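Here the structure comes first, spelled out in structure tokens, and everything after it is commentary.
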Amino acid sequence: MDFITQATAKAVEELFGTQITEQDITLQQTRREFEGQLTIITFPFTRFSKKSPEQTGTEIGNYLQEHVAEVSGFNVIKGFLNLVIADSYWLKLFNESLSNPAYGKFTPNGKKVMVEYSSPNTNKPLHLGHVRNNLLGYSVAEILSASGYEVIKANLVNDRGIHICKSMLAWQKFGNRETPEISGLKGDKLVGNYYVIFDKEYKKQIDELKASGQTEDDAKKNAPLIREAQEMLLKWENGDEEVINLWRTMNGWVYAGFDETYKKMGVDFDKYYYESNTYLLGKDIVQEGLEKGVFFKKPDGSVWIDLTSDGLDEKLVLRADGTSVYITQDLGTAQLKYDEFGMDQSVYVVGNEQDYHFKVLFLILEKLGKRWAKGLFHLSYGMVDLPSGKMKSREGTVVDADDLINEMVETARQRTEELGKVEGFTDQEKSELYRMIGMGALKYFLLKVEPKKRLLFDPNESIDFQGHTGPFIQYTYARIRSVLTKGNYNGEKASAITALVNLERDLILALNNYASVVEDAARNYSPALIANYVYELAKLYNKFYHEEPILKADDGNVKLFRLQLSLATAGIIKKAMKLLGIEVPERM
RNA sequence: GCACCCAUAGCUCAGCUGGAUAGAGCAACGGUUUUCUAAACCGUCGGUCACAGGUUCGAAUCCUGUUGGGUGUACCA
């Protein structure tokens, strides 16, 4: 639409003798209740036209109609100049660009971006919060990739530490050599059970110690189980063979379990980092910071950075005994990633409880003079709450990822069978369809909400399959495919179409928005923008489908054109859904 | 205490860099199928955009303050 803003700038200059830039012009899509497709807001021009908004609009409108071939008419309502763009323009746009299968694919921009997401702990299974993380990360990676970036999907696995030792210890003590093979349990579930057992037994011990007169704090420190866990961690750090072997075995179980869940969610990674390899990193950065005078040493030998002038606190970066803290390894890992890939941008998909941590991390790297620090971004998302409040693994108040996925697929099966939609499907096609629909509902449910907002999930109210949902969009796609099949459409282009009905024009306008929505979504790291766009598109198509005959159109050319329009719409729906990691079925 | 995030219809959410009468879905009620898939479409009901100021021709949107909710502020990760 650049030609309109350009012409408007010219109009203002010639009519009112003032030079304005294109940024001064607000061009928006005309609201449905008015005639026209593009609207220019003329209030800002009254300053130099010295005329009423109506008069100003009329003069610009006249100018545009006269000088711009595509402008076939206009109307002015208050400060709004509504332009009627000739159908020939929309038809040309549709034929030359929007209906092209390549539309919506951006040329590579030569930039590299890493998206780190998932980043699980290997002591418990994935829950709904992780599902949100994984879907967000995967979708953002897809969006960035579609908009021209080279994307590296990374997973930083938190595979070591005291919490891992807790599960290991509980298994040793109470496990009776249980394995996934023996119990038939998924590996991550099995290990997670022992994490819970540890916590239960630990609490028992604390209560006993408290009963014998210790304070709560002392009891927590002195409980034999926590002591043993700490010893185990030390042994792990010293490479104790027995501990390391147990660690390998149990983590192996967990990875097998995670892989299964990842597969079901449809997410994947190009690069795995393990904290067991990176937890010692960062000490040379501490050294570098000391040399540069960014960090300082306290008398006890601990190393700090003073961020009070930036409105933050003093932050420890290395303990007095020379060991790392969380931020130390994150500094080191950031450097490691950059050294390895040299990316321009790096996105961390991590919950909003770590907002402060990432603020500090990025600020430190900037102060250290890392050129790449300005490309770092924390994609912070709100937690998923249950009606009862926060999910807590240790208390068992979590919605398990696998259970939820299975329930969704099962509900999809029931719904579909109730509707009697699977005649002529093979068993395999059926289960494939149920999986697609169940996952589509779940993914769409989680992605349609702006990432930073908290999300409420009520397990008692199942996720909808009607209305503003994934299945609605999938249904629209399947419906289009059905029309195309019935019409034996072979991609032939309609000729001699000169005028459009309103809904045809609306669809073309909507298709035309796709490219800028993808750009927006990439810039804002927001799958929600795609989700809401594709819903609007599907809704519009359904209206069109209902009101205008396609196969039964009177004119053969009109029929051909509507098929063409349908095909293009299906194409964009499929592409947009792919950016959300959602598949669309040919029939449903 | 301080810092950050959030607050829009009964419920779940859109509303981008300020623009026309604040929009969807769900729920409730009513209608549409001898016609291309009714997981659809159409209609009715439903709002003090938390509150109070300010900036502006114009504020749900920007600024300040207040209230409510969440999170963080560990020599845990």
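None of these values were measured; they are calculated from a predicted model. A, B, ... follow the sequence lines: proteins, then strands. Residue 1 opens every chain.
Here B:A20 is the nucleotide among B:C36, B:A20, B:G25 with the atom lying nearest to any side-chain atom of A:Thr30. Side chain of A:Lys486, nearest nucleotide from B:C75, B:U37, B:A14: B:U37. Here B:U37 is the nucleotide among B:U37, B:C5, B:C36 with the atom lying nearest to any side-chain atom of A:Ala478. Distances were taken from every side-chain heavy atom of A:Arg587 (C-beta onward) to each of B:A77, B:U37, B:A39; the shortest belongs to B:U37. The listed nucleotides are B:C57, B:A39, B:U35; the one nearest the side chain of A:Phe43 is B:C57. The listed nucleotides are B:C76, B:U71, B:C36; the one nearest the side chain of A:Arg319 is B:C76. Closest to the side chain of A:Asp464, out of B:A14, B:C26, B:C41, is B:C26. Of the candidate nucleotides B:U8, B:A39, B:C41, B:U8 has the atom lying nearest to any side-chain atom of A:Lys453. When the nucleotides B:G15, B:C36, B:G19 are ranked by their closest atom to the side chain of A:Leu529, B:G15 comes out on top. Checking B:C4, B:U32, B:G19 against the side-chain heavy atoms of A:Gln28 singles out B:G19 as nearest.
Atom P of nucleotide B:A40 and atom CZ of A:Phe465 are separated by 12 Å, given to the nearest angstrom. We find that CD of A:Glu547 is positioned 7 Å from P of B:C42, with the value rounded to whole Å. Here the P atom of nucleotide B:U8 and the CD atom of A:Glu450 are 15 Å apart, to the nearest Å. One can place OH of A:Tyr545 at 5 Å from P of B:A38, the figure rounded to the nearest angstrom. Taking atom CG of residue A:Leu456 and atom C1' of nucleotide B:C26, one finds them 14 Å apart after rounding to whole Å. Whole-Å rounding puts the A:Trp304 CH2 to B:C75 C1' distance at 7 Å. Going from atom OH of A:Tyr444 over to atom P of B:G25 covers 12 Å, rounded to whole Å.
The shortest distance between the side-chain N/O atoms of A:Arg31 and the OP1/OP2 oxygens of B:G23 is below 4.0 Å. Contact check, A:Arg454 against B:U12: no side-chain N or O comes under 4.0 Å of OP1 or OP2. Contact annotation: A:Lys359 side-chain N/O to B:A3 OP1/OP2 distance is not under 4.0 Å. Regarding contacts with the backbone of B:A14, every side-chain N or O of A:Lys448 stays at 4.0 angstrom or more from both OP1 and OP2. For B:A74, the OP1/OP2 oxygens have no side-chain nitrogen or oxygen of A:Lys315 closer than 4.0 Å. For B:U21, one of the phosphate oxygens OP1 or OP2 lies less than 4.0 angstrom from a side-chain nitrogen or oxygen of A:Lys78. The phosphate of B:A38 has OP1 or OP2 within less than 4.0 Å of a side-chain N or O from A:Arg479.
Using a 4.5 Å heavy-atom cutoff, the side chains of A:Glu450 and A:Ser526 are in contact. The shortest side-chain heavy-atom distance between A:Leu81 and A:Thr39 does not fall under the 4.5 Å cut-off. Using a 4.5 Å heavy-atom cutoff, the side chains of A:Met588 and A:Lys421 are not in contact. A heavy-atom distance below 4.5 Å is not found between the side chains of A:Gln37 and A:Gln29. Put simply, the side chain of A:Lys124 does not reach to within 4.5 Å of the side chain of A:His163, judged on heavy atoms.
Evaluation of atom-type donor-acceptor distances gives a pair under 3.5 Å for the side chain of A:Asn82 against the base of B:A20. A:Thr476 contributes no side-chain N or O that forms a donor-acceptor pair with the base of B:A40 under 3.5 Å. Between the side chain of A:Asp300 and the base of B:C75, a donor-acceptor pair under 3.5 Å is found. At a cut-off of 3.5 angstrom, the base of B:A39 holds no donor-acceptor pair with the side chain of A:Thr469.
Nucleotides B:U48 and B:G43 have their C1' atoms positioned 27 Å apart, rounded to a whole Å. Nucleotides B:G70 and B:C29, compared at atom P, are 35 Å apart to the nearest Å. Distance check on atom C1': B:C45 versus B:C57 gives 36 Å, rounded to whole Å. The separation of B:U8 from B:G69, taken at their P atoms, amounts to 14 Å, rounded to a whole angstrom. B:C42 and B:A24: their C1' atoms are spaced 15 Å apart (whole Å). The gap from the P atom of B:G65 to that of B:A3 amounts to 9 Å, rounded to the nearest Å. Comparing B:G23 with B:U67, their C1' atoms sit 27 Å apart, to the nearest whole Å. Straight-line distance between the C1' atoms of B:A22 and B:A14: roughly 11 Å, to the nearest whole Å.
In this structure, A:Arg160 is positioned above the aromatic face of A:Tyr279, its NZ or CZ under 6.0 Å from the six-membered ring centre and within 45° of the axis. A cation-pi geometry, defined here as NZ or CZ lying under 6.0 Å from the six-membered ring centre and within 45° of its normal, does not hold between A:Lys315 and A:Trp304.
Between the A:Asp555 side chain and the A:Asn557 main chain, a donor and an acceptor come within less than 3.5 Å of each other.
By the 5.5 angstrom centroid cut-off and the 30-degree plane limit, A:Phe80 is classified as stacked against the base of B:A20. Stacking between A:Tyr535 and the base of B:A24 is absent under the criterion of ring centres within 5.5 Å and planes under 30 degrees. Judged by centroid separation below 5.5 Å and plane tilt below 30°, A:Phe34 stacks onto the base of B:A20.
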**Request:** For side chain to side chain donor-acceptor pair (under 3.5 Å), just list the numbers for A:Tyr477 and A:Glu583, CA-CA rounded to whole Å, side-chain angles, deciding distance to a tenth of an Å, and then say yes or no.
**Result:** CA-CA 10 Å; A:Tyr477 179 83; A:Glu583 296 164 86; over 6 Å; no
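Annotated stems with RNA chain B as a participant read B:1-7 with B:67-73, B:10-13 with B:23-26, B:28-32 with B:40-44, B:50-54 with B:62-66, given as range with range, by first number; only runs of 3 or more Watson-Crick or G-U pairs under 3.5 Å qualify.
To the nearest 0.5 angstrom, A:Tyr195 atom OH is 11.5 Å from A:Cys165 atom SG. Atom CD1 of A:Ile285 is separated from atom OG1 of A:Thr328 by 10.0 Å, given to the nearest 0.5 angstrom.
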